[in-house]
Asks: 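Next up is a structure, given as structure tokens.
Just so you know, ligand 1 is whichever comes first in the structure, and atom 1 is the first atom listed for that ligand. None of the values given here were measured: they were computed from a predicted structure.
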Amino acid sequence: MAKIQMKTPLVEMDGDEMTRIIWKMIKDMLLTPYIDLNTEYYDLGLVHRNETDDQVTIDSANAAKKYGVAVKCATITPNAQRMTEYSLKEMWKSPNGTIRAILDGTVFRAPIIVKGIVPLLPSWKKPITIARHAYGDVYKNTEMKVSDGSKAELVVTDKDGNESRELIHTFSGSDGIIQGLHNINESIAGFARSCFNYALDTKQDLWFATKDTISKKYDHTFKDIFAEIYENEYKARFEAAGIEYFYTLIDDAVARVMRSEGGYIWACKNYDGDVMSDMVATAFGSLGMMTSVLVSPDGKYEYEAAHGTVTRHYYKYLNGEETSTNPVATIFAWSGALRKRGELDENAELAAFADKLEKATIDTIEDGIMTGDLYILSKLENKRKVNTTEFITEINNRLEALMK
Ligand code: NAP
Ligand code: MG
């Protein structure tokens, strides 16, 4: 059988610990037997980041910008303990943060759904994809403790030196607290375009919600920017694609999400996305089944698993113990990236391979063969727990049959 050819390189960002081990297994066992893999390889493992003074992360993000599609392995974000463990020159920043800053993207997280693993809300039949705005609000706030008798005001000085003031509160009878938040229209617009594009891409409705009735300028600006961009740039394309843009209040959105069957993208302000993504992920089951894609407003894509490097399993692996680490989210990062590369290059064979790889993976779990994290959750009667190598081998048995 002739291997599938790739026209444009895919940007490959390797990573750390258990996911680095799984990364190689996926390539060796599921990809290179079928594809003449054409990747531009960047080693984002912590050792190499340290050697290059983290330049490799910047280079990989610029390559993602150039070629349009990247696939990333989970990476360590250094903390004090990692400084010693890896003898780091500096406490390098989170690679995901660096890449997101260069691509200016929005992260979309979606669960992979399989038969036998029922969400905590059984009415959720289809994935709920959460898009979190990754700039500003309480994450870039300024706050103060205020003593009794103080007057707090918002003061803005424009470029000509003119001041405008608004009273926040006059504290009398008690000490208190204040907080200053901001956001930038350009960032909100970029967020909106990423969401509208991704909705069109995946043919799913887009929901967005804020508290605009209470926050008549701040939250209302989010609502207005989304509405204006939708009307001017996306309405016709949404109608042609048969999908909907739906705006409501955040509390109404939460109530509707709980009652829904899923199958849409839920765009969230920064804080809402932080909180709701944990709720949705937990309700759908395992971290090992959560995918993540960073989409820039100008349509560049970086695919990855939502989980980290699974450190605890890695130390077992180093001790020569077998691990049953779930590779599914990392496999879907590859299939997502290969499918997108296939679409952009009009390489139907490559896109079809991505579909088959995903089908082989889901079929394996639905046949009852799964890693430990899923074994605990699955309601299948004939379920069997296997180690990572056995699991990937079983996927390949099914993939081979699909490729015939
Ligand atoms: P983690 O790697 O996601 O793992 C947390 C726990 O979740 C694991 O110990 C494991 O539970 C379970 N788990 C996660 N993924 C799994 C999988 N594929 N299969 C089976 N179980 C899985 O998070 P962490 O331990 O907080 O972070 C470890 C390292 O990853 C840190 O250095 C952090 O900086 C990095 N990180 C990177 C990214 C990224 O690159 N996007 C994201 C998050 C964290 P049990 O141990 O109970 O089996
Ligand atoms: Mg959170």
Side-chain angles (χ1 to χ4, degrees), residues 12-23 25-26 42-50 54 56-57 60-61 64 70-86 88 91-101 103 105 107-109 111-112 114 117 132 134 274 277-278 281-282 284-294 302-319 321-334 336-337 361 364-365 370-378 385-392 395:
E12 175 185 353
M13 305 168 172
D14 207 345
D16 288 298
E17 299 194 313
M18 203 59 216
T19 40
R20 188 180 180 98
I21 308 295
I22 289 175
W23 192 260
M25 289 166 69
I26 292 170
Y42 293 85
D43 183 1
L44 267 56
L46 187 50
V47 173
H48 194 241
R49 271 184 279 150
N50 192 52
D54 208 24
V56 64
T57 307
S60 74
V71 58
K72 180 180 169 292
C73 181
T75 46
I76 293 169
T77 299
N79 55 16
Q81 185 257 321
R82 301 291 197 175
M83 292 287 290
T84 342
E85 184 184 354
Y86 283 84
L88 300 181
M91 203 184 286
W92 307 112
K93 282 192 245 170
S94 147
N96 287 56
T98 304
I99 295 165
R100 194 162 58 215
L103 290 181
V107 174
F108 296 82
R109 279 183 165 209
I112 300 155
V114 292
I117 296 176
R132 174 180 170 188
D274 184 350
S277 63
D278 284 347
T282 306
F284 273 109
S286 168
L287 254 182
M289 299 293 276
M290 189 63 74
T291 63
S292 175
V293 52
L294 174 73
E302 182 244 307
Y303 293 83
E304 63 179 315
H307 60 76
T309 60
V310 212
T311 310
R312 202 179 66 82
H313 295 216
Y314 181 59
Y315 284 110
K316 285 174 96 180
Y317 169 87
L318 289 182
N319 276 331
E321 286 174 55
E322 248 179 24
T323 75
S324 184
T325 317
N326 187 343
V328 170
T330 307
I331 292 172
F332 273 65
W334 274 100
T361 305
T364 304
I365 303 168
M370 59 196 79
T371 47
D373 56 319
L374 301 181
Y375 184 82
I376 296 169
L377 298 171
S378 175
K385 178 183 160 177
V386 294
N387 67 35
T388 308
T389 314
E390 288 165 339
F391 183 63
I392 295 178
I395 294 172

Asks: Could you tell me the separation between the CG atom of Asn326 and the CE atom of Met290, rounded to the nearest 0.5 Å?
Replies: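 It comes to 12.0 Å.
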Asks: Does ligand 1 have an atom under 4.0 Å from some heavy atom of Lys72?
Replies: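 Flag set, Lys72 near ligand 1.
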Asks: So is Arg82 close enough to ligand 1, meaning a heavy atom under 4.0 angstrom away?
Replies: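 It does; at least one heavy atom falls under 4.0 Å.
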Asks: Any protein heavy atom lying closer than 4.0 Å to atom 12 (C) of ligand 1?
Replies: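 No, no protein heavy atom sits under 4.0 Å from atom 12 (C) of ligand 1.
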Asks: Which atoms from ligand 1 have a heavy atom of Thr311 less than 4.0 Å away?
Replies: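 By the 4.0 Å cutoff, the relevant atoms are 28 (C), 29 (C).
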Asks: Answer yes if a protein heavy atom lies under 4.0 Å from atom 32 (O) of ligand 1, otherwise answer no.
Replies: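 Flag for atom 32 (O) of ligand 1 set to true, protein heavy atom closer than 4.0 Å.
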Asks: Looking only at side-chain N and O atoms, does Thr309 offer a donor or acceptor that is under 3.5 Å from a partner on Asp16?
Replies: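 Side-chain D/A pair, Asp16 to Thr309: absent.
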Asks: Kindly say whether Leu44 contributes a backbone atom to a donor-acceptor pair with the side chain of Arg49 at under 3.5 angstrom?
Replies: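 Looks like yes, one N/O pair under 3.5 Å.
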Asks: Where's the contact between Thr19 and ligand 1, heavy-atom distance under 4.0 Å: side chain, backbone, both or neither?
Replies: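 For Thr19, there is no contact with ligand 1 at all, from either part.
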Asks: As an exercise, identify every atom of ligand 1 less than 4.0 angstrom from a heavy atom of Ala74.
Replies: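 Listed by number with element, the hits are 40 (O).
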Asks: For Arg312, which part has a heavy atom under 4.0 Å from ligand 1: side chain, backbone, both, or neither?
Replies: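 The part of Arg312 near ligand 1 is the side chain, not the backbone.
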Asks: If you draw a 6.0 Å radius around OH in Tyr86, do more than 12 non-hydrogen atoms from other residues or ligands fall strictly inside?
Replies: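 Yes, because the 6.0 Å sphere around OH of Tyr86 holds more than 12 heavy atoms from other groups.
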Asks: Indicate whether any N or O donor in one side chain lies under 3.5 Å from an N or O acceptor in the other, for Asn96 and Ser94.
Replies: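 The criterion, which ignores hydrogens and geometry beyond distance, is not satisfied for Ser94 and Asn96.
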Asks: Starting from atom 1 (P) of ligand 1, which protein heavy atom do you reach first, and at what distance in Å?
Replies: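 Result for atom 1 (P) of ligand 1: Gly308 N, 3.5 Å.
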Asks: Which residue supplies the protein heavy atom nearest to atom 37 (C) of ligand 1, what is that atom called, and how far is it?
Replies: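 It is Thr75 O, 2.9 Å.
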